[in-house]
Structure formats: C-alpha cells, structure tokens
**Q** 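Below is one structure. I have some questions about it.
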Amino acid sequence: MQKPTVPKGTRDFGPEQMRKRLFIFDTIRQTFQRFGFQPLETPSMENLTTLTGKYGDEGDQLLFKILNSGDFAGGLTEADLQAGSKKITPKIAEKGLRYDLTVPFARYVVMNRNALTMPFKRYQMQPVWRADRPQKGRYREFYQCDADVVGTDSLLCEAEIVLMIHEVFRNLGVLDFTLKINNRKTLAGIAEVIGEPGQEGLLSVAIDKLDKIGMEKVLDELRERGFSEESIRKLDPLFSFGELDRLQLLNQLKTWLTTSETAQQGIAELEETLQFVDQYGLTDSRIEIDPTLARGLSYYTGAIFEVKANGVSIGSVSGGGRYDNLTGTFGMPGLSGVGISFGVDRIYDVMEELNLFPAGAGQGTRLLLVPFDSAARAVALPLLSQLRASGITAEVYPDLAKVKKMLDYANAKAIPYVVLIGSEEVQTGLLSLKNMVTGEQTKTTASELIQLLRSTSF
RNA sequence: GUGAUUGUAGCUCAGUCGGUUAGAGCGCCGGAUUGUGGUUCCGGAGGUCGCGGGUUCGAGCCCCGUCUUUCACCCCA
C-alpha cells in the first residue's frame with residue numbers, strides 16, 4: 001500500500017499546533033495594525049520575470065517553478081534539449097511560487113502607484129516557498145509576516161520597526177531576545193576604508209559568519225575572495241569592539257571610518273534612529289549595534305535588522321532593513337522603503353523549545369455539555385446557546401452515548417469543565433458542574449456557571 | 001547543489017550470525033460498570049518491515065536504485 005505523504009519540507013498543522021500558530025499570528029497582526037499598517041495579500045504565484053534576478057544567483061536556484069499548463073514541452077526543439085535545463089526552464093515555466101513577501105509587494109506598489117497614498121504602510125502574512133534542503137528551523141514552505149513602509153526615507157520608520165519588534169516579542173512572551181542593528185552604508189564605508197571600495201557585498205557574506213566560524217576563518221574566506229593582505233590588516237579594528245557601550249562604539253566607528261563619507265552617513269542614521277527610539281520611550285531595549293551584521297539579501301541599502309532568540313540554536317527569527325531602489329527594477333526608481341519580516345515557523349520552534357506558549361494558547365473548548373437522554377438534551381441546547389452568547393467556548397456531545405464515552409471525549413480534547421445533565425438535574429433545575437482536572441463536582445445554576453467560566457481563564 | 005543520516009503497528013522503539021507464524025510499552029476498540037472520565041482487571045483489532053530491483057534454498061537484516069527523516073555546508077525566516 002502506498003502511504004500518503006506530504007512533499008519534502010512541508011507539514012500539516014493539527015488543531016493544537018494551529019491554535020499556537022494563530023496565537024503568534026494574532027499577536028503580530030495586532031501590533032502591525034496598532035502601528036497603522038494595512039493588510040495586503042498577493043497571489044501565491046508570480047510571473048518568473050517578477051521573481052528572478054531579485055535574490056541573486058543562489059536565490060534564483062531556490063525558486064519553485066510552475067510548469068506551464070497544456071503541452072508545455074510542445075515548442076521545444078532538439079537544440080533546446082541540448083542547451084540544458086537552465087535554458088529550457090524559461091520555455092516551459094513562466095510562473096513561480098513567491099520566495100518572499102517584499103518583492104511581490106514592490107510589484108504591487110508599482111502596479112498601483114497612482115492609487116496609493118504615500119507613505120504607504122502595509123502588512124502581509126502569507127506563506128513563501130524556497131526549494132532548499134530542509135533542516136532544523138528551515139522548511140520549504142513557511143510563513144512570513146511582513147510590515148513595510150514605502151514612500152518615505154524618514155528614520156522614524158526604522159525607529160517604529162524597532163518598537164514593533166519589541167512589542168511583538170514581549171507580547172509573545174519571548175523576553176530574552178537580541179535585536180541586532182547595523183547599516184549597509186557603514187559596511188560600504190568599511191570596504192572603502194580598507195581599500196576595497198564596492199566590495200561590501202563580498203565583505204558582508206564573510207563577516208556575517210563571524211560568530212559562527214570565528215575571525216580567522218572569516219579572514220581566510222576574504223583572502224580566498226581576493227582581498228589583499230593589506231586590506232585584511234586594515235580590517236583589524238572591526239574585531240576589537242567587543243565590550244564597548246553604545247556611545248563608545250559609535251565614536252570608535254566614526255574615528256576609524258573618518259575618511260568615508262558614506263560610513264559617516266550610515267553612523268549618523270544609526271544614531272538618529274536610536275535617538276528616535278529613545279524619544280518614543282522604549283524601556284529595557286534589547287538593541288545591540290553590531291558593525292559585523294550583514295544579512296544576505298542584496299537589496300538592502302540602509303538600516304539592517306536581525307532578531308535572534310537567546311538560549312536556542314535556531315537562526316534568526318526576524319529580519320529586515322531599508323531598501324532604496326526595490327521598485328526600480330519594475331520601472332519606478334527612487335522609491336525608498338523599509339520593512340521587517342517575522343518568521344512564524346521559527347518563532348513557533350523557539351517558543352516550543354523554551355516552553356513559552358501561555359496555557360490559554362492551546363486552549364480549545366472550555367465546557368462540554370453531557371446530556372444523558374433526550375429530555376436532558378432539551379435542557380442542554382438552550383443552555384449551550386446562552387453560554388456561547390456569553391462568549392464561552394462550549395459544545396455538546398452530539399450522540400446520546402454512554403457517559404464514559406462523553407467524558408473520555410472531554411479528556412481527549414482537554415476540556416476542563418463538564419456539565420452533567422440527567423433526570424435529577426432536569427427536575428431540580430440545578431446543573432452538575434464537574435471539574436475534569438480536580439474531579440470535584442458541584443451543583444450550580446446556569447447564571448452562576450456563566451459567571452464562573454467568565455471569571456476564570458481556564 | 002555537496003556530504004552524512006534515518007525508515008519495523010496510530011506513537012516510541014526491540015528484533016541475536018541471514019533461518020519456523022515479526023514483538024513490547026503506550027494509544028485505540030469492547031467488556032467488568034444502563035448517572036461519572038483520568039486508577040485497576042479481562043478481552044480484541046491493528047504489519048506489503050518506506051518503495052522498486054538484486055544476491056540467496058531462505059532477506060526486516062546483505063547489495064544497488066529511489067523516496068522520506070534528521071543534521072552539517074552553501075544560503076536563509
């Protein structure tokens with residue numbers, strides 16, 4: 001027998017998982033809306049022309065392509081087949097699954113440029129797909145929750161992103177996290193100062209691995225990529241910022257990168273952003289300026305953010321930054337934007353590993369009505385409506401089954417309360433409320449019952 | 001894309017040197033108990049050993065392929 005399976009790197013989410021996931025989605029959505037972002041959804045598939053070339057060569061490889069409908073191979077010639085799969089792909093697939101939410105958003109902005117009020121703030125919570133090999137904290141289908149502002153280069157937006165990150169993780173109960181922040185202009189400045197102007201891309205990928213592989217190996221990689229010994233020597237100060245506080249760090253950066261105008265601008269942006277954050281009154285900030293933070297995506301041009309949960313070995317749970325020209329490739333240059341993306345699946349893994357889901361997050365039905373016969377059921381149904389109208393999640397066992405079966409059902413669904421209704425309850429009008437955790441059973445009226453369930457969270 | 005790794009009942013896992021009819025715990029179903037679950041006791045169902053091929057008198061076990069799981073690299077949320 002062929003047992004059914006789901007494709008590699010994809011998962012089903014059962015009821016308990018889904019409730020926890022919805023807790024994460026709801027928490028993030030609340031914050032996005034509170035900050036004035038408006039909802040947007042885009043199609044799962046985009047034209048490949050929209051997607052390719054936006055994520056670098058590596059990214060293009062990771063795109064899921066969708067085979068054309070109909071006789072997709074009909075127009076292929078012998079020469080095409082000889083040319084190999086890379087040449088054939090555009091002839092047989094003109095659509096692909098979205099790789100992130102930022103590029104479809106940029107496409108949307110360009111298509112609706114005349115209708116949108118600028119600055120335009122949108123949030124979007126949808127799955128994205130990447131064709132890489134699954135491993136810990138990495139899936140082929142996963143959800144991102146993005147919030148972006150386009151049409152302004154105000155650093156207030158960067159500051160608000162910092163605030164939203166703090167609010168989201170605090171509301172989730174993930175208190176021990178680090179928000180790393182840096183600026184691509186500073187990185188560009190470093191490349192200038194060490195005598196490798198324009199090479200900040202290569203510099204970034206290598207430096208990004210610092211805390212993973214250590215300084216020596218980073219330097220080896222730079223040598224491999226053609227950086228001169230002199231440049232590498234000039235990079236020294238970057239590794240000596242260890243224990244400095246924010247002010248000292250910024251001053252040292254300014255001194256070191258004094259000859260680069262770009263770097264000075266990056267540092268000034270960083271300072272202004274942090275100043276705004278202070279003015280907003282953020283307390284107990286988890287911000288850490290990290291001059292080595294690089295991030296892979298090539299379209300970032302200003303601030304870059306990355307959030308890691310401490311105490312777990314799962315990659316970043318959130319990341320983002322400013323991009324000056326994302327819409328340029330779609331024929332709309334000069335539109336600046338900044339955004340943040342929360343990775344729901346990784347946040348879930350972190351919260352599960354650290355046991356951070358609140359008891360209410362996995363909670364479904366709170367009360368099961370157990371009528372013993374049809375006369376009892378006639379009492380139960382109006383009561384059920386009354387309970388639901390009071391906002392209490394309640395259900396009745398649909399069959400007139402044995403009491404054991406119904407109580408087993410309550411246990412299986414982890415329903416904490418049961419109301420038993422038999423001939424005695426029908427006659428007296430009093431209900432038997434059973435606490436399934438303690439086993440204790442009391443007589444109660446309908447209104448007392450509602451009051452009790454409203455006043456306790458579970 | 002590179003290199004490892006995993007797969008036996010719904011779940012977690014045993015299964016000796018290749019040898020008769022593949023086992024356990026938990027879970028599930030029924031009963032003890034027609035107004036009381038989570039404890040106990042009794043009974044029961046449930047397997048193409050991931051899939052395909054090969055070696056062998058004989059394969060869950062050995063070989064090849066393939067899919068899947070997990071992990072590292074690359075890259076990333």
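Chain identifiers are assigned alphabetically (A, B, ...) following the order of the sequence lines, protein sequences preceding nucleic acid strands; residue numbering begins at 1 within each chain.
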**Q** What is the distance from CG of A/Leu62 to C1' of B/G1, rounded to the nearest Å?
**A**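 Atom-to-atom, A/Leu62 to B/G1, this comes out as 9 Å.
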**Q** Regarding A/Gln135, tell me which of base, sugar-phosphate or nothing describes its non-hydrogen contacts under 4.0 Å with the strands shown.
**A**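 Base, at least one base atom sits under 4.0 Å.
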**Q** Taking side chain to side chain donor-acceptor pair (under 3.5 Å) as the test, write out the residues that go with A/Glu94, two or more places apart.
**A** none
**Q** Using a 3.5 Å cut-off on both pairing distances, which stems of three or more Watson-Crick or G-U pairs include RNA chain B?
**A** B:1-4 with B:70-73, B:10-13 with B:23-26, B:28-32 with B:40-44, B:50-54 with B:62-66
**Q** For RNA chain B, determine which residues of residues 7-14 of chain A have any heavy atom closer than 4.0 angstrom to one of its atoms, and list them numerically.
**A** A/Lys8, A/Gly9
**Q** Hey, is CE on A/Met45 packed in by over 12 heavy atoms from elsewhere, all under 6.0 Å?
**A** no
**Q** Pick out the pairs of N or O atoms, protein on one side and nucleotides 33-40 of chain B on the other, that lie under 3.5 Å.
**A**
| unit_1 | atom_1 | unit_2 | atom_2 | d |
| --- | --- | --- | --- | --- |
| B/G35 | O6 | A/Ser423 | N | 3.2 |
| B/G35 | O6 | A/Ser423 | OG | 3.4 |
| B/G35 | O6 | A/Glu424 | N | 2.7 |
| B/G35 | N1 | A/Glu425 | OE1 | 2.8 |
| B/G35 | N1 | A/Glu425 | OE2 | 3.4 |
| B/G35 | N2 | A/Glu425 | OE2 | 2.9 |
| B/U36 | O2 | A/Lys434 | NZ | 3.1 |
| B/U36 | O2 | A/Gln441 | OE1 | 3.2 |
| B/U36 | N3 | A/Gln441 | OE1 | 2.9 |
| B/U36 | N3 | A/Gln441 | NE2 | 3.2 |
| B/U36 | O4 | A/Gln441 | NE2 | 2.8 |
| B/G37 | O2' | A/Asp408 | OD1 | 2.9 |
| B/G37 | O2' | A/Asn411 | ND2 | 2.7 |
| B/G37 | O6 | A/Lys434 | NZ | 3.4 |
| B/G37 | N1 | A/Met436 | O | 2.9 |
| B/G37 | N2 | A/Asn411 | OD1 | 2.9 |
| B/G37 | N2 | A/Met436 | O | 2.4 |
| B/G37 | N3 | A/Asn411 | OD1 | 3.4 |
| B/G37 | N3 | A/Asn411 | ND2 | 3.2 |
| B/G38 | N2 | A/Val437 | O | 2.7 |

**Q** Just to be sure I understand the rule, does A/Tyr143 reach a base, reach only the sugar-phosphate, or reach nothing, if contact means heavy atoms closer than 4.0 Å?
**A**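 Counting heavy atoms under 4.0 Å across all strands, no contact is made by A/Tyr143.
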**Q** Check every strand shown and say whether A/Gly137 touches a base, only sugar-phosphate, or nothing at a heavy-atom separation below 4.0 Å.
**A**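 Here A/Gly137 touches the bases of the nucleic acid.
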**Q** When the side chains of residues 150-157 of chain A are checked against the rest of the protein, which donor-acceptor pairs come out under 3.5 Å, sequence neighbours left out?
**A**
| unit_1 | atom_1 | unit_2 | atom_2 | d |
| --- | --- | --- | --- | --- |
| A/Thr152 | OG1 | A/Ser154 | N | 2.9 |
| A/Ser154 | OG | A/Leu156 | N | 3.0 |

**Q** Scan the side chains in residues 311-320 of chain A for donor-acceptor partners under 3.5 Å anywhere in the protein, sequence neighbours excluded, and list what turns up.
**A**
| unit_1 | atom_1 | unit_2 | atom_2 | d |
| --- | --- | --- | --- | --- |
| A/Ser313 | OG | A/Lys136 | NZ | 3.4 |
| A/Ser318 | OG | A/Ser341 | O | 2.9 |

**Q** Decide whether A/Asp349 and A/Tyr139 meet the rule of one side-chain donor and one side-chain acceptor closer than 3.5 Å.
**A**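 The criterion, which ignores hydrogens and geometry beyond distance, is satisfied for A/Tyr139 and A/Asp349.
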**Q** Between the side chains of A/Glu288 and A/Thr178, does any donor sit under 3.5 Å from an acceptor?
**A** no
**Q** With a 4.0 Å cut-off on heavy atoms, is A/Lys413 in touch with a base, just the backbone sugar-phosphate, or nothing at all?
**A**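 Result for A/Lys413 = nothing.
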**Q** A/Leu293 CG to B/C76 P: how many Å, rounded?
**A**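 Taking CG of A/Leu293 and P of B/C76, I get 12 Å after rounding.
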**Q** Relative to the 5' end of RNA chain B, which residue comes earlier, A/Ala131 or A/Gln144, by the nucleotide with the nearest heavy atom?
**A** A/Ala131
**Q** Are B/A77 and A/Phe342 stacked, with the base six-membered ring and the side-chain ring centres under 5.5 Å apart and planes under 30°?
**A**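 No; centroid distance or tilt outside limits.
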